Amino acid sequence: MNVLVIGNGGREHAIIMAIAKSPLVDKIYCMKGNAGIADLAECVDVDYCDRTAVGEWVDSHPDVEYTVIAPDDPLALGLADELEARGHRVFGPNQRAAQIESSKAFAKALMKKYKIPTAAYEIFDNYDDALQYIQKGRFPIVLKADGLALGKGVLICESLEEAKAGLKQIMLDKAFGAAGNVVVVEEFLQGKEFVPGEEVSILTFTDGKTIIPMIPSCDHKRVLDGDRGLNTGGMGTFTPCPFYDEAAAREVYERILIPTVQAMNAEGRPFKGVLYFGLMRTPDGMKVVEYNARFGDPETQVILPMLKTDLMEIFQAITDERLSDIKIEWEAGACVCVVLASGGYPQHYAKGMPIEIGTLDDDIIVYHAGTKRENGVLKTNGGRVLGICAKGESIAEAREKAYRNVKKIHFDGMQYRNDIGIKYNAKG
Ligand code: AMP
Ligand code: GLY
């Protein structure tokens, strides 16, 4: 079978590495791809947010039997609906189901209606009302732009001053564009032993009937060591998650995963694809911080190397709604991914810096995100550039291996966090 993968980051590189191993897969195309993906797939230069253009491309390539839609924006724009309407087989939720990510207001209302644990909140489509509300609020307070904002539309405000400035940034200055037409104002969740709380990403496979969690992972969203600085798309990840024990997994399955699948069905929006639960441990139990309608980036980069089952078989089973037939198996041990980003990310950064990669250990995985090849020279082409990933028996071993190899890579302005895999006492 020939497969098209939509997207161009480290997550897509990880998906392509996994399906390239499948005996079911012959040729892979990637729209648009990057320099690393180009080693495994034929890259196609079509704007994947243009539904019609993608639809026409797939129509004109009858050898493509299956399309995997990885990023949030084409899912939110209804690319799955477009391809299905044209008679193609697709992995990824339709537009109505993808709203669980593309509208935070929708997601919050869903959780309230179906009693899925989450932070208390109010929604405003008007700046003056929102301003009045925060003046009576408790601090810190959390402001979230309703729509998609590359993981950056969330502001944690310590004081009224900060909240006023944040509200102006989102609703008046439109720092996140139309995503800020509506704002969600949320209670700040306090952690059990840590502030602002221990977080875990639970990615799941679901066909709308069965939901199967993948192994737990932890992201590092802030740009600087010690969880300081601006929110990013994610600066590094590790698996497993030290505090996510069997009791937590059971609680999450019963109180969050199953109720969410049922809620989406009850709303007439059955979800088929990867449903991602961003969770926080609080004194009142695990709560949902966010949903994503897709694989996480860079969570996928540590999860998929541990997957023993054929990913393409899982994809097919979800499309055909027979996920309950599949047994999903994982390797034991740990995996750590350190993101190397351009200087200035997540704000302004330069592109086109030559990348030098020395001789790395054999078992290191180098994921490409924002890279391109120009006249044979590998260059930076985005905010997050590479993900350097290592496995080990423990998180400590995997982390040590990943950082030893990070030191052999260089480009001008390169920045990375030095503490990936250290939080939550992930020492062993
Ligand atoms: P989100 O994009 O919704 O995942 O938010 C980005 C990050 O902001 C999360 O990973 C949390 O660290 C933090 N955050 C979001 N909502 C809250 C909340 N209600 N309380 C505390 N921290 C939050
Ligand atoms: N790493 C967080 C996300 O993919 O949204």
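On a predicted model such as this, the values are computed, not experimentally measured, just so you know.
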Separation of [Y] [atom2] from [X] [atom1] (nearest 0.5 Å):
{"X": "E199", "Y": "C218", "atom1": "CD", "atom2": "SG", "answer": "9.0 Å"}
{"X": "I100", "Y": "M111", "atom1": "CD1", "atom2": "CE", "answer": "7.5 Å"}
{"X": "L24", "Y": "M312", "atom1": "CG", "atom2": "CE", "answer": "7.0 Å"}
{"X": "L79", "Y": "M31", "atom1": "CG", "atom2": "CE", "answer": "8.5 Å"}
{"X": "K108", "Y": "E290", "atom1": "NZ", "atom2": "CD", "answer": "11.0 Å"}
{"X": "F411", "Y": "L378", "atom1": "CZ", "atom2": "CG", "answer": "10.0 Å"}

How close do [X] and [Y] get, counting heavy atoms only, and between which atoms?
{"X": "I69", "Y": "I6", "result": "CA-CB, 4.0 Å"}
{"X": "V385", "Y": "S342", "result": "CG2-OG, 3.4 Å"}
{"X": "S217", "Y": "V200", "result": "O-CG2, 3.5 Å"}
{"X": "N418", "Y": "D225", "result": "N-OD1, 2.8 Å"}
{"X": "D207", "Y": "S324", "result": "OD2-N, 4.4 Å"}
{"X": "I395", "Y": "A334", "result": "N-CB, 3.4 Å"}

task: Evaluate whether atom CG of D125 has more than 12 neighbouring non-hydrogen atoms of other residues, nucleotides or ligands under 6.0 angstrom away.
output: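 Result for CG/D125: open.
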query: Who passes side chain to side chain donor-acceptor pair (under 3.5 Å) against D361, sequence neighbours left out?
result: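 Side chain to side chain donor-acceptor pair (under 3.5 Å) check on D361 returns R404, N405.
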field: T210: side chain to side chain donor-acceptor pair (under 3.5 Å) partners, not counting sequence neighbours
entry: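 Here no residue qualifies.
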task: Decide yes or no on salt bridge (Lys or Arg N to Asp or Glu O under 4.0 Å) for R96 and D81, but give the supporting numbers first.
output: CA-CA 9 Å; R96 279 170 54 77; D81 312 59; over 6 Å; no
Between [X] and [Y], is any pair of side-chain heavy atoms under 4.5 Å apart?
{"X": "R373", "Y": "K379", "value": "no"}
{"X": "K272", "Y": "E321", "value": "yes"}
{"X": "I364", "Y": "V366", "value": "yes"}
{"X": "I211", "Y": "F271", "value": "no"}
{"X": "R11", "Y": "P71", "value": "yes"}
{"X": "T204", "Y": "I212", "value": "no"}
{"X": "V68", "Y": "F315", "value": "yes"}
{"X": "H13", "Y": "L40", "value": "yes"}

Identify every side-chain donor-acceptor pair in residues 52-63 under 3.5 Å, counting partners at least two apart or on other chains, and give the distances.
unit_1: D59; atom_1: OD1; unit_2: H88; atom_2: NE2; d: 2.8
unit_1: D59; atom_1: OD2; unit_2: R86; atom_2: NH1; d: 2.5
unit_1: S60; atom_1: OG; unit_2: E56; atom_2: O; d: 3.1
unit_1: S60; atom_1: OG; unit_2: W57; atom_2: O; d: 2.9
unit_1: H61; atom_1: ND1; unit_2: W57; atom_2: O; d: 2.7
unit_1: D63; atom_1: OD2; unit_2: N2; atom_2: ND2; d: 2.9
unit_1: D63; atom_1: OD2; unit_2: Y29; atom_2: OH; d: 2.9

task: Can you run down the salt bridge (Lys or Arg N to Asp or Glu O under 4.0 Å) pairs that involve residues 328-349, sequence neighbours left out, and say none if there aren't any?
output: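 Non-adjacent pairs meeting salt bridge (Lys or Arg N to Asp or Glu O under 4.0 Å): E331-K391.
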- prompt: Strictly by modelled atom types, are R322 and Q316 linked by a side-chain donor-acceptor pair under 3.5 Å?
  reply: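 No, because no side-chain N or O of R322 sits under 3.5 Å from a partner of the opposite role on Q316.
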message: Quick one about N181 and K174 (side-chain donor to acceptor, distance below 3.5 Å, no hydrogens or angles considered), yes or no?
response: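 Side chains of K174 and N181: pair found under 3.5 Å.
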Determine which pairs satisfy side chain to side chain donor-acceptor pair (under 3.5 Å) with at least one residue from [range], sequence neighbours left out, and list them in order.
{"range": "residues 35-45", "answer": "K27-E42, K32-D45"}
{"range": "residues 246-259", "answer": "none"}
{"range": "residues 298-311", "answer": "S22-D310, S201-E299, Y276-E299, D297-Q301"}

task: For K287, check side chain to side chain contact (heavy atoms under 4.5 Å, CB included) against everything at least two apart and list the hits.
output: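 Expected list: P117, L189, T282, D284.
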query: Considering residues at least two apart in sequence or located in another chain, which fulfil the side chain to side chain contact (heavy atoms under 4.5 Å, CB included) criterion with N34?
result: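 Here the qualifying residues are I37, H368, T371.
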task: Might you work through the side-chain contact (heavy atoms from CB on, under 4.5 Å) test for V274 and F205, ending with a clear yes or no?
output: CA-CA 5 Å; V274 168; F205 293 112; 4.1 Å; yes
Acceptor/donor pairs from residues 344-360 side chains to any protein atom, 3.5 angstrom cut, sequence neighbours excluded:
unit_1: Y345; atom_1: OH; unit_2: G233; atom_2: N; d: 3.0
unit_1: Y349; atom_1: OH; unit_2: G383; atom_2: N; d: 3.2

- prompt: Charged N to carboxylate O below 4.0 Å: is that the case for R222 and D419?
  reply: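 The answer is no: the pair does not qualify as a salt bridge.
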message: Salt bridge or not between D227 and K221? Use side-chain N to carboxylate O under 4.0 Å.
response: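 Answer for the salt bridge query: no.
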message: Using a 6.0 Å distance limit plus a 45 degree cone around the ring axis, check whether K144 lies over the aromatic ring of F176.
response: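 Not satisfied by the 6.0 Å and 45° rule.
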query: What do the steps show when you test I170 against L167 for side-chain contact (heavy atoms from CB on, under 4.5 Å), and what is the final call?
result: CA-CA 5 Å; I170 295 175; L167 196 61; 5.7 Å; no
Donor-acceptor contacts, no H, no angles, side chain residues 258-267, under 3.5 Å, sequence neighbours left out:
unit_1: T260; atom_1: OG1; unit_2: I256; atom_2: O; d: 2.6
unit_1: T260; atom_1: OG1; unit_2: Y291; atom_2: OH; d: 2.9
unit_1: N265; atom_1: ND2; unit_2: G208; atom_2: O; d: 2.9
unit_1: N265; atom_1: ND2; unit_2: V261; atom_2: O; d: 3.4
unit_1: E267; atom_1: OE2; unit_2: K113; atom_2: NZ; d: 2.7
unit_1: E267; atom_1: OE2; unit_2: Y114; atom_2: OH; d: 2.4

message: Check whether R417 reaches the backbone of L224 with its side chain - one donor and one acceptor, N or O, closer than 3.5 Å.
response: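 Yes: the side chain of R417 pairs with the backbone of L224.
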message: Working note: E397 + R399, criterion salt bridge (Lys or Arg N to Asp or Glu O under 4.0 Å); need CA distance, chi angles, decisive distance, verdict.
response: CA-CA 5 Å; E397 186 188 316; R399 181 175 65 231; over 6 Å; no
message: Does D146 form a side-chain contact (heavy atoms from CB on, under 4.5 Å) with V183? I'd like the steps, not just the answer.
response: CA-CA 5 Å; D146 172 52; V183 71; over 6 Å; no
Could you list the donor-acceptor pairs under 3.5 angstrom formed by side chains in residues 234-244, with sequence neighbours left out?
unit_1: T237; atom_1: OG1; unit_2: P298; atom_2: O; d: 2.9
unit_1: T239; atom_1: OG1; unit_2: P216; atom_2: O; d: 2.6

message: Run the side-chain contact (heavy atoms from CB on, under 4.5 Å) test on Y121 and V142 for me, step by step, so that the C-alpha distance in whole Å, both residues' side-chain angles and the decisive distance to 0.1 Å come before the verdict.
response: CA-CA 9 Å; Y121 72 100; V142 184; over 6 Å; no
